Amino acid sequence: MQVSDKECCTILANLLVAKGIKRVVLSPGSRNAPLIVSFARLREVEKFVVLDERSAAFMAMGMAQQTGEPVAVVCTSGTALLNYAPAVAEAYYQHVPLIVVSADRPEEWIDQDDSQTLRQKNIFSSFVKASYSLPAEITCEDERWYVNRSVNEAINRSMSPKPGPVHINVPLREPLYCLREICNSRSERVITPLPVNTCLREDTVKELSELISRSKKVMILASFGKPDAELSFLLNRLSSFPQVIVLTETISNLRIDESIPAIDRVLSIISDEEKSKFSPDLLITFGGSLVSRMIKQFLRKYPPAEHWSLDENLRIADTMQCMSRHIRMNPVDFFSQLVDHIYPSESYYHDLWINRRAEATYRHEHYLANIEWSDLKAFSRIFPAIPPRSVLQLSNSTPIRYAQLFEYNQIERSDCNRGVSGIDGATSTAVGAACVRTGLTVFITGDMGFLYDSNALWNRYVPPTLKIIVMKNGGGGIFRFIQGPSDLPELEAYFETVQNVDVEGFARLHGFDCYTAASEDELEKVLPDFFQLSDKPAILSVETPRTVNDRVLKGYFKR
């Protein structure tokens, strides 16, 4: 068998296989040729070749997001690596395991005006869990040991104690295309980490459970996360206590019977005079960045006496500006140790929120029944029509915010790139997610986000199970909702950047089935056909009036 003569590349590739990495996304290049050869000749790994590095990295992230397993992404040297930056940052804050592998020039050629050369070592130091740089050549056993140890550590760090991206930089000297014959492949040493069992001390369990039991108003607030049946079970038990209310965002992927799943919908009908009644004495949060600005503003204005943040990171994310305890545990470990020691208190808090949820639902349905054709009307028809057991990918900007206003229990899971909340790689993430799932993946995006990441459609791996809905509303609609830009004369030219995106043209160019709707009746007629599985992926262009959407949505919150 012939392999690259760059031994560090062979060690890296073999260790990824030995440690169970199943997928790698490769972008063509010259300097990374030894890496491409090393991965291409591995039968155990599924390979995806994607030319655009920015799209490739987000696609890999979408795969890792859905499977929970690390995905390797490999590029050549120079600016190619910089194109990974948005996806690496998103993966870092979303806690998605990515293994970023970059080819590089040898150290002596950095800053010597050689092409495709820049300072790559530690380039992502602020956005990865760890950075590693391998030797350009292996000349002794100690260097071989170092490469093995570094790669083992990198893969382990990508998954434990909390997932995230790592960066392995691989300097390579020319010639790059030489092969060597090996008769017996060398078995790489595998270092296996054991999970840390986080156990609270008995006196801590007693103290915290008594605080929850004595409190009259306990709010548990969940932001983004993957589906977790055990966590849902624990939160359902906690939600049965009269002093506890659970608030879940759309992308928390939790199923709680008596909770508040549409936070903004309920908060919008709580008057300023009564907000203090709804504010908690004890707030417990977990997950990452919150979508809802309303809940953040509410809790900052009416802060709880105690705020416990369940976060395994060392850094303190004091979003509400009132944190009292930073508990470095995942929520399952934490709640499972406390739930049997909590007892109900005499409280109206749970019922207060649940009753207000019922009133908000009534107002929501009444308002939707009487509004004109708009984004909000379109979303009210789209969400119920998504087939059961589909997975939903939402672009940032308006799609995720509209999604927060609806309840839809038939969807298996919902995701959005809320780590740093950019629109730049949402379509690529959805493509990656669809590549590792067998059922439908439904992606909803705005026309500007669709245009921004259109290179995601430019690869041969887009499966027929991907259904893309483009809200064609003239672009940049969110700036009409945000107080500030909406009042400026520069709104249309500098913020909305109004464009008539040719969604149908993109569909034809990339071989997608294409559907259109420009009214409620047209949308209702087309949705069943659009969601029907065929031999090609599909795009649905939903055209809504740009200057109506903001008025309808503002009216929703004033109702």
Side-chain angles (χ1 to χ4, degrees), residues 217-225 245-252 254 256 259-304 307 309 317-323 349-350 352-368 371 375-376 379-380 383 394-408 414 416 418 421 477-487 549-559:
K217 299 191 294 181
V218 179
M219 178 186 288
I220 299 174
L221 176 58
S223 53
F224 67 72
I245 189 66
V246 179
L247 278 63
T248 60
E249 293 214 293
T250 296
I251 51 177
S252 69
L254 296 169
I256 317 299
S259 64
I260 308 298
I263 299 171
D264 288 359
R265 183 203 293 186
V266 178
L267 277 176
S268 68
I269 66 165
I270 299 174
S271 67
D272 290 341
E273 292 75 24
E274 58 187 352
K275 280 181 178 176
S276 59
K277 290 194 302 181
F278 285 83
S279 64
D281 300 327
L282 169 60
L283 171 67
I284 305 173
T285 60
F286 59 88
S289 170
L290 286 158
V291 177
S292 172
R293 292 183 180 181
M294 284 190 180
I295 192 63
K296 287 187 284 189
Q297 291 169 350
F298 170 69
L299 291 168
R300 288 168 185 165
K301 188 171 182 179
Y302 302 94
H307 172 201
S309 173
D318 188 16
T319 308
M320 310 308 171
Q321 301 178 310
C322 59
M323 188 190 300
Y349 194 57
H350 178 89
L352 181 72
W353 275 95
I354 295 301
N355 290 339
R356 194 53 59 96
R357 173 188 173 183
E359 182 185 345
T361 300
Y362 171 79
R363 294 199 195 185
H364 168 88
E365 292 173 353
H366 183 267
Y367 186 80
L368 292 180
I371 58 173
D375 278 353
L376 187 60
F379 278 112
S380 75
F383 287 125
L394 293 157
S395 178
N396 276 300
S397 198
T398 53
I400 179 60
R401 287 175 169 80
Y402 277 113
Q404 292 276 100
L405 303 177
F406 294 88
E407 299 179 27
Y408 36 87
S414 302
C416 179
R418 292 303 296 180
S421 308
I478 192 170
F479 294 108
R480 287 183 173 265
F481 309 143
I482 300 172
Q483 190 173 9
S486 61
D487 301 324
N549 291 319
D550 61 316
R551 174 167 51 79
V552 170
L553 187 60
K554 287 175 180 176
Y556 179 89
F557 288 113
K558 289 177 181 177
R559 75 197 184 286

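Numbers for residues simply follow the sequence, beginning at 1. Worth saying up front: this structure is predicted, and the values here are computed from it rather than measured. Atom set for the values below is all heavy atoms of this structure, side chains included, hydrogens, waters and symmetry mates excluded.
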Q) For the residue pair M320 and L283, what are the closest heavy atoms and their distance? A) CG-CD2, 4.0 Å
Q: Taking atom types as modelled, find out whether R265 and T361 have a side-chain donor-acceptor pair closer than 3.5 angstrom.
A: yes
Q. So, do F383 and F379 have ring centers that fall under 6.0 Å from each other?
A. yes
Q: Flag yes if more than 12 heavy atoms outside K301 fall under 6.0 Å of its NZ atom; otherwise flag no.
A: no
(Q) Using only atom types and a distance under 3.5 Å, with no angle test, would you say the side chain of S223 pairs donor to acceptor with the backbone of F286? (A) yes
Q.
Can a donor-acceptor pair be found, under 3.5 Å and without considering hydrogens, that links the side chain of D375 to the backbone of N549?
A. no
**Q.** Partner of E249 by side chain to side chain contact (heavy atoms under 4.5 Å, CB included), out of P261, S292, S289
**A.** S292
Q.
Using 0.5 Å steps for rounding, measure from the CE atom of M219 to the CD1 atom of I284.
A. 11.5 Å
Q | Where V266 and I270 come nearest, the two heavy atoms and their spacing | A | O-CG1, 3.5 Å
Q) Any chance OH of Y362 has more than 12 other-residue heavy atoms, nucleotides or ligands included, within less than 6.0 Å? A) no
(Q) Going by the rule side chain to side chain donor-acceptor pair (under 3.5 Å), which residues pair with R300 if we only count those two or more places apart in sequence or in a different chain? (A) none
Q: For the pair F406 and L368, evaluate side-chain contact (heavy atoms from CB on, under 4.5 Å) and give the outcome as yes or no after the intermediate values.
A: CA-CA 11 Å; F406 294 88; L368 292 180; 3.8 Å; yes
**Q.** For the student: nearest non-hydrogen atoms of A222 and S252, plus distance
**A.** O-CB, 3.9 Å
Q: Write down the atom of T285, the atom of H307, and the distance for their closest heavy-atom approach.
A: OG1-NE2, 2.8 Å
Q) Does a side chain donor of either Q404 or T250 reach within less than 3.5 Å of an acceptor in the other side chain? A) yes
Q: Measure the spacing between CZ of R356 and NZ of K277 and express it to the nearest 0.5 Å.
A: 7.0 Å
